[in-house]
Visitor: 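Have a look at this one.
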Amino acid sequence: VCVCEKKEKTGHHQSPLSPPPLASQSQGMLGEFVDFLQKKKVVQLEELASHFKLRTQEAITRLKSLEEMGRVTGVLDDRGKYIFITVEEMKNIAKFIHQRGRVSITDIAENSNKLICLQGEKISTAETA
């Protein structure tokens, strides 16, 4: 069906480049997902999944997609937590490594509280509902 035929059938013109309404809704949900991560800073994957009514694996997949898109940066630890890291904090880590020269993961871990703020905002139930 060409675009012209769609116009005649629906009564309005749809550009083939226009995103469907569902895509814009999912963009809004992605924005909420990113906002939630930025506010919480450290979040259990189960909590993240539950908040957005997803399975844990779906939340992990969404996190990885957002990282690939460059919308979020962070670390997924071995205890099922995601730690959101800002661009500024990434710069602090890079500066730390550059100043020290060769560093181990242990060095970074020992100094991570100075380099990365792990305190998120309190999110009220009104905001999460």
Side-chain angles (χ1 to χ4, degrees):
V1 176
C2 80
V3 175
C4 297
E5 291 173 0
K6 283 185 180 180
K7 180 180 178 183
E8 291 173 8
K9 289 180 183 177
T10 62
H12 63 278
H13 181 71
Q14 287 183 328
S15 165
L17 301 176
S18 303
L22 186 58
S24 61
Q25 288 177 0
S26 64
Q27 282 298 318
M29 187 171 178
L30 285 178
E32 289 177 36
F33 201 84
V34 171
D35 289 343
F36 185 80
L37 292 170
Q38 289 172 336
K39 288 179 181 178
K40 290 287 284 190
K41 286 292 286 182
V42 179
V43 64
Q44 288 283 345
L45 294 174
E46 291 82 15
E47 176 189 356
L48 180 64
S50 173
H51 181 79
F52 288 95
K53 296 175 179 60
L54 301 169
R55 292 189 316 253
T56 303
Q57 189 56 50
E58 291 171 326
I60 293 168
T61 301
R62 185 165 292 175
L63 277 171
K64 289 179 180 179
S65 295
L66 287 168
E67 284 183 337
E68 288 172 6
M69 291 168 30
R71 298 273 312 264
V72 298
T73 52
V75 177
L76 187 59
D77 79 1
D78 59 348
R79 295 174 291 174
K81 289 182 184 175
Y82 185 80
I83 303 165
F84 176 81
I85 301 175
T86 66
V87 172
E88 189 63 34
E89 290 165 338
M90 287 287 216
K91 288 178 183 177
N92 290 341
I93 295 167
K95 182 178 175 184
F96 173 79
I97 293 169
H98 183 72
Q99 287 174 340
R100 296 266 179 114
R102 192 174 214 167
V103 297
S104 67
I105 296 293
T106 305
D107 293 335
I108 295 171
E110 288 173 353
N111 289 280
S112 64
N113 287 339
K114 297 174 197 163
L115 301 170
I116 301 169
C117 175
L118 298 175
Q119 299 300 315
E121 297 176 19
K122 291 281 186 192
I123 298 178
S124 71
T125 53
E127 279 185 65
T128 60

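Numbers here simply count residues along the sequence, with the first being 1. Only a predicted model underlies this, so the values are computations on that prediction, with no experimental measurement involved.
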Visitor: The criterion is side chain to side chain donor-acceptor pair (under 3.5 Å); which residues satisfy it with Glu58, sequence neighbours excluded?
Guide: none
Visitor: Please identify each residue that fulfils ring pair (Phe, Tyr, Trp, His ring centres under 6.0 Å) with Phe52, with sequence neighbours left out.
Guide: Phe33, Phe36
Visitor: For residues 65-73, run the donor-acceptor check on the side chains, cut-off 3.5 Å, and write out each pair with its distance to 0.1 Å, sequence neighbours left out.
Guide:
| unit_1 | atom_1 | unit_2 | atom_2 | d |
| --- | --- | --- | --- | --- |
| Ser65 | OG | Thr61 | O | 3.1 |
| Glu67 | OE2 | Tyr82 | OH | 2.7 |
| Thr73 | OG1 | Ile85 | O | 2.4 |

Visitor: What residue pairs, at least two apart or across chains, pass salt bridge (Lys or Arg N to Asp or Glu O under 4.0 Å) with a residue in residues 97-113?
Guide: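 Those involving residues 97-113 do not exist here.
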Visitor: Does the side-chain contact (heavy atoms from CB on, under 4.5 Å) test come out yes or no for Thr56 and Gln44, once each step is laid out?
Guide: CA-CA 10 Å; Thr56 303; Gln44 288 283 345; over 6 Å; no
Visitor: Among all residues two or more places apart in sequence or in another chain, which pass the side chain to side chain contact (heavy atoms under 4.5 Å, CB included) test with Lys91?
Guide: Val87, Glu88
Visitor: Partners of Lys64 by side chain to side chain contact (heavy atoms under 4.5 Å, CB included), sequence neighbours excluded?
Guide: Ile60
Visitor: Rounded to the nearest 0.5 Å, how far apart are CD1 of Ile108 and CD1 of Ile97?
Guide: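 Here the interatomic distance stands at 4.0 Å.
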Visitor: Answer yes or no: is there a side-chain heavy-atom contact under 4.5 Å between Val103 and Asn111?
Guide: no
Visitor: How would you list, by chain and number, every residue that makes a side chain to side chain donor-acceptor pair (under 3.5 Å) with Lys53, sequence neighbours excluded?
Guide: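 Partners of Lys53 under the side chain to side chain donor-acceptor pair (under 3.5 Å) test: none.
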Visitor: Between Gly80 and Glu46, what is the shortest heavy-atom contact and its length?
Guide: O-OE1, 4.4 Å
Visitor: Please identify each residue that fulfils side chain to side chain contact (heavy atoms under 4.5 Å, CB included) with Ser50, with sequence neighbours left out.
Guide: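 With sequence neighbours excluded, Ser50 shows a side chain to side chain contact (heavy atoms under 4.5 Å, CB included) to no residue whatsoever.
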Visitor: Can you list everything that forms a salt bridge (Lys or Arg N to Asp or Glu O under 4.0 Å) with Glu47? Sequence neighbours excluded, please.
Guide: Lys40
Visitor: Specify the closest pair of heavy atoms between Leu54 and Arg62, including all atoms of both residues, with the distance to one decimal.
Guide: CD1-NH1, 3.7 Å
